[in-house]
Novice: 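Encoded as structure tokens, here's the structure I'll be asking about.
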Amino acid sequence: MTVTVRDALNQAMDEELERDERVFLLGEEVAQYDGAYKVSRGLWKKYGDKRIIDTPITEMGFAGIAVGAAMAGLRPICEFMTFNFSMQAIDQVINSAAKTYYMSAGLQSVPIVFRGPNGASAGVAAQHSQCFAAWYGHCPGLKVVSPWSAEDARGLLKSAIRDDNPVVFLENELMYGVPFEMSEEVQSKDFLIPIGKAKIERQGNHITLVSHSRMVSLCLDAAAVLAKEGIECEVINMRTIRPLDAEAIETSIMKTNHLVTVEGGWPQFGIGAEILAWIMEGPAFNYLDAPAVRVTGVDIPMPYAKILEDNSIPQIKDIIFSVKKTLNV
């Protein structure tokens, strides 16, 4: 059966709310309006005001309430209408949530999930289009997850809610309505995807493509085009940004001897930059037959005009160009 990413997230929250009465959801429009993107559809009707809580438009306030609730023994899911607005609450996320377990010598855990859409959507300009994977991936004490498919969304959100550490869960608005095949196994209430493990979405032996979130779709599309020309790409869906599954990437490079990373975020100090550093410092570097290449968003605030926006985020043609450049074909 096919399930959209939106419905997979909704099912995951519904099942975890039912499983554990300490779990609750708060954020802007999550209750009576069914969620700004309808991800929490039906949950308020089912669980009521105590478990599904509409907040004022004050990220610092409700993120702080959520972190305090986690410290007091509850398991909040804190939704940001977009992660751009999490900048209002970044002190709560980093200083209050991420560092407390360490600063308390392991006495005080903070089991909380911060979730919502991250990265570029369409036509929402500079203040609503940036990717926070590198921002939050930089910070020890957080786990950072970036699902692509409905299976990822379901299995990783359930794992995130059950995790005793703060988890930043980066969704993508453009993926919400995308349907994916979902097996019986994945639909089981006990199905979890471990945080920190990547997944090979397509096998190949000529070049490794590594990406996360919506860019996995573009990598698979590029791989399909390249396959017609006899170039077989191995596509790795990172799933988790922190902790990074370097081993999966290294194993693939030892087979393909080439690497291209693809991300929607900015190039400086980005996810691709981190992966390239890992590879250079690790055992796979000597297996590379050509320099690794990054495909990233352009190093500017996101423009509003559609043609400029299209030129600011990676397209399939950019991935194909970089693969051919790396393979020297």
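For reference, positions follow the sequence shown, starting with 1. Values reported hereafter were calculated over all heavy atoms of this structure, with side chains retained and with hydrogens, waters and symmetry mates removed.
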Novice: What residue among Asn84, Asn118, Thr82 forms side-chain contact (heavy atoms from CB on, under 4.5 Å) with Gln130?
Specialist: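 Running side-chain contact (heavy atoms from CB on, under 4.5 Å) over Asn84, Asn118, Thr82 with Gln130 returns exactly one hit, Asn84.
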Novice: Is the shortest side-chain N to carboxylate O distance from Glu18 to Lys189 below 4.0 Å?
Specialist: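 Yes, Glu18 and Lys189 are salt-bridged.
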Novice: Salt-bridge test for Arg51 and Glu21: reply yes if a basic N is under 4.0 Å from a carboxylate O, no otherwise.
Specialist: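 No salt bridge links Arg51 with Glu21.
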Novice: For the pair Tyr136 and Phe83, name the ring-plane relationship: parallel under 30°, tilted 30 to 60°, perpendicular over 60°.
Specialist: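 Ring orientation of Tyr136 relative to Phe83: perpendicular.
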Novice: Look at the aromatic rings of Phe80 and Phe62 and report parallel, tilted or perpendicular, splitting at 30° and 60°.
Specialist: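 Tilted.
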Novice: Among residues at least two apart in sequence or on other chains, which ones pass side-chain hydrogen bond (donor to acceptor under 3.5 Å, both in side chains) with Ser312?
Specialist: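 Result, side-chain hydrogen bond (donor to acceptor under 3.5 Å, both in side chains) vs Ser312: none returned.
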Novice: We want to know whether Asp152 and Asn237 form a side-chain donor-acceptor pair, criterion being a heavy-atom distance below 3.5 angstrom.
Specialist: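 Present: a donor and an acceptor within the cut-off.
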Novice: Quick test of your reading of the model: are Glu234 and Arg202 salt-bridged, counting only N-O distances below 4.0 Å?
Specialist: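 So Glu234 does not pair with Arg202 through a salt bridge.
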Novice: Please name the pair of heavy atoms, one in Ile207 and one in Val260, separated by the smallest distance, quoted to 0.1 Å.
Specialist: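 In this case the closest contact between Ile207 and Val260 is CD1-CG2, 3.7 Å.
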Novice: Any donor-acceptor pair under 3.5 Å linking the side chain of Ser159 with the backbone of Leu156?
Specialist: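 The answer is no, because no donor-acceptor pair under 3.5 Å joins these two groups.
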Novice: Cut-off 3.5 Å, side chains only: do Gln203 and Lys255 have a donor facing an acceptor?
Specialist: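 A donor-acceptor contact under 3.5 Å links the two side chains.
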Novice: Decide, yes or no, whether a salt bridge links Glu151 with Arg239 under the criterion of side-chain N to carboxylate O below 4.0 Å.
Specialist: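 So Glu151 pairs with Arg239 through a salt bridge.
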Novice: I'd like to check Arg19 versus Arg162 (side-chain heavy atoms, cut-off strictly below 4.5 Å). Are they in contact?
Specialist: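 SC-SC contact between Arg19 and Arg162 confirmed.
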Novice: Looking just at side-chain N and O atoms, do Tyr176 and Glu171 make a donor-acceptor pair shorter than 3.5 Å?
Specialist: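 There is such a pair between these side chains.
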